[in-house]
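As structure tokens, the structure follows; a few thoughts come after it.
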Amino acid sequence: MNTQLLPASEASCAYAAELLRAGEVVGIPTETVYGLAADALNPQAVRKIFVAKGRPQDNPLIVHIADLSALARLTDCPPALSYRLAEAFWPGPMTMILPKSKLVPTEVTAGLDTVGIRMPSHPAAREIIRQSNPLAAPSANRSGLPSTTEAAHVFADMDGRIPLIIDGGRCTVGVESTVIAVHEDFVRLLRPGGISAEQLQQITRVEIDPGVLHPIAPDQKVESPGMKYKHYSPKANVIILDGSLPEFCSYLRSHPGEGVYAMVFSGEETLVPVPCLSFGRQDDPSEQAYRLFDDLRKADELGAKTVYVRAPEQSGVGLAVYNRLLRSAGFTVIPLKGGRS
Ligand code: TXA
Ligand code: MG
């Protein structure tokens, strides 16, 4: 299959919508990461997403909508809290897990009786949804690889697998949406993302699922199937070093090796004894989120074998950055404090 890459425009969005209405899969920009979209109400189209991405069948997809009336159609008696959250954070990087209506095919929800719904803010995504249907869309990376924050990343992963990618520029958030299960008077944070736990706390009580920061045992039941899988992994071996910059540098000096790279905060590049990538200032988690996946992909382009990463703060969007790094690293964190290096 020939994969076309077109800049977002009125004409290309109309073409994308036409392909989607015809049951094809299209790579679309969103403000978080690029999505691999198909008509959420067309089971055959949805199945094509799983094939293109190589995604495990039991991992459900998020449905993207462009207006609130779709929330009512796709869900069954959502708690009133979901409308308050929608008002506060939509359009934007928040996905609510809610009881599904009969309209949503089981292919989308992987057999669950809930559905994840999000209203993206990217203008091209909104236009394409308006001209087609609600769109099921996972991140547009091949399963297991870092997510795609530029059209070129999508092309690298999906060339020959889908007919069209719409280039809407670099994703401004850079990490995926925050996934929450919405209950009557609290939410459970299943995946941290572009909306922080602190922002959610302005509206309601927030419980953080242990899967956000801890590995899941293979036989453990999880509320969000995505928690079980290896994720966001470049080919390089990612290791988080938790300590100060001097401790980080001294660990690198005492662990030389071929293909060793460091991922450090901006401004630290010249202080580190190995080649490095920087992923934003230490006190700026939004910039770290914006740069994270691109850096992980760059590490592979550079032929890195091992990437030692500075541990980011876990507040605000930093929790999402740390969560993605933990998964890239297969939860390998080496504490440097207390002279363990
Ligand atoms: O920002 C985003 O959310 C991006 C863009 C494209 O919108 N999408 C995205 O999709 O990250 P994906 O498929 O890569 O991640 C969706 C996550 C998975 O961990 C999945 O298990 C979880 O959401 N999820 C989806 N539906 C669910 C449901 N009904 N119950 C529990 N978890 C669900
Ligand atoms: Mg994903």
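In each ligand, atom 1 is the first atom listed, and ligand 1 is the first ligand listed. The chain is numbered in sequence order, starting from 1.
Donor-acceptor pairing under 3.5 Å is lacking for the side chains of Q202 and E198. Judged purely by distance below 3.5 Å, without hydrogens or angles, the side chains of R297 and T149 never pair a donor atom with an acceptor atom. With 3.5 Å as the limit, one finds a donor-acceptor pair spanning the side chains of S177 and T95. No side-chain donor-acceptor contact under 3.5 Å links S250 and E247. Defined by atom type and a distance below 3.5 Å, a donor-acceptor pair is present between the side-chain atoms of S9 and S12.
Remark: distances from the non-hydrogen atoms of P120 to ligand 1 are all 4.0 Å or more.
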- Between S147 and E176, does a side chain to side chain donor-acceptor pair (under 3.5 Å) hold up when you go through it step by step? CA-CA 8 Å; S147 301; E176 299 85 342; 2.4 Å; yes

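The backbone of A137, and not its side chain, has at least one atom closer than 4.0 Å to an atom of ligand 1 (non-hydrogen atoms only; backbone = N, CA, C, O). Only the side chain of T32 comes within 4.0 Å of ligand 1, counting heavy atoms alone; its backbone N, CA, C and O stay farther away. Of the heavy atoms in M119, none comes closer than 4.0 Å to ligand 1.
L189 pairs with exactly one of D209, L200, N323 by the side chain to side chain contact (heavy atoms under 4.5 Å, CB included) rule, that one being L200. Of the residues R118, H64, R126, the one that meets the side chain to side chain donor-acceptor pair (under 3.5 Å) test with T30 is R118. Each of V25, N133, V46 was compared with D39 under the side chain to side chain contact (heavy atoms under 4.5 Å, CB included) criterion, and only N133 meets it.
Here's the thing with K53: none of its N/O atoms is less than 3.5 angstrom from an N/O atom of ligand 1. Between T114 and ligand 1, at least one pair of N/O atoms sits closer than 3.5 Å. Some N or O of R191 is nearer than 3.5 Å to an N or O of ligand 1, by distance alone.
The protein non-hydrogen atom at the shortest distance from atom 4 (C) of ligand 1 is V33 CG2, 3.8 Å. Protein heavy atom nearest atom 19 (O) of ligand 1, with residue, atom name and distance: G226 CA, 3.3 Å. Atom 31 (C) of ligand 1 has as its closest protein heavy atom E223 O, 3.3 Å. In terms of protein heavy-atom proximity, atom 13 (O) of ligand 1 is closest to R55 NH2, 2.8 Å. For atom 22 (C) of ligand 1, the closest non-hydrogen atom of the protein is S224 OG, 3.3 Å. Ranking protein heavy atoms by distance to atom 6 (C) of ligand 1, first place goes to G35 CA, 3.6 Å. In terms of protein heavy-atom proximity, atom 14 (O) of ligand 1 is closest to S139 OG, 2.9 Å. When hydrogens are left out, the protein atom nearest atom 28 (C) of ligand 1 is I97 CD1, 3.5 Å; that is the closest non-hydrogen contact.
Proximity to L112 (heavy-atom distance under 4.0 Å) selects the following atoms of ligand 1: 28 (C), 29 (N), 30 (N). If you number the atoms of ligand 1 from 1 as listed, the ones under 4.0 Å from a heavy atom of N59 come out as 18 (C), 20 (C), 21 (O). Interface atoms of ligand 1 facing H64, defined by a heavy-atom separation under 4.0 Å, are 5 (C), 6 (C), 7 (O).
Nearest heavy atoms, I97 versus G116: CD1-CA, 3.7 Å.
A cation-pi geometry, defined here as NZ or CZ lying under 6.0 Å from the six-membered ring centre and within 45° of its normal, does not hold between R324 and F293.
If you check each of I117, V175, I62 against atom 16 (C) of ligand 1, the one with the closest non-hydrogen atom is I62. For atom 25 (C) of ligand 1, the choice among A110, P29, G116, P60 with the nearest heavy atom turns out to be P60.
Counting only distance, with no hydrogens or angles, the side chain of S132 and the backbone of R21 share no donor-acceptor pair below 3.5 Å.
Between E258 and K305, at least one side-chain N (NZ, or NE/NH1/NH2) sits under 4.0 Å from a carboxylate O, which counts as a salt bridge.
Look at S139 and the Mg ion (ligand 2): an N/O/S atom of the residue is under 2.8 Å from the metal.
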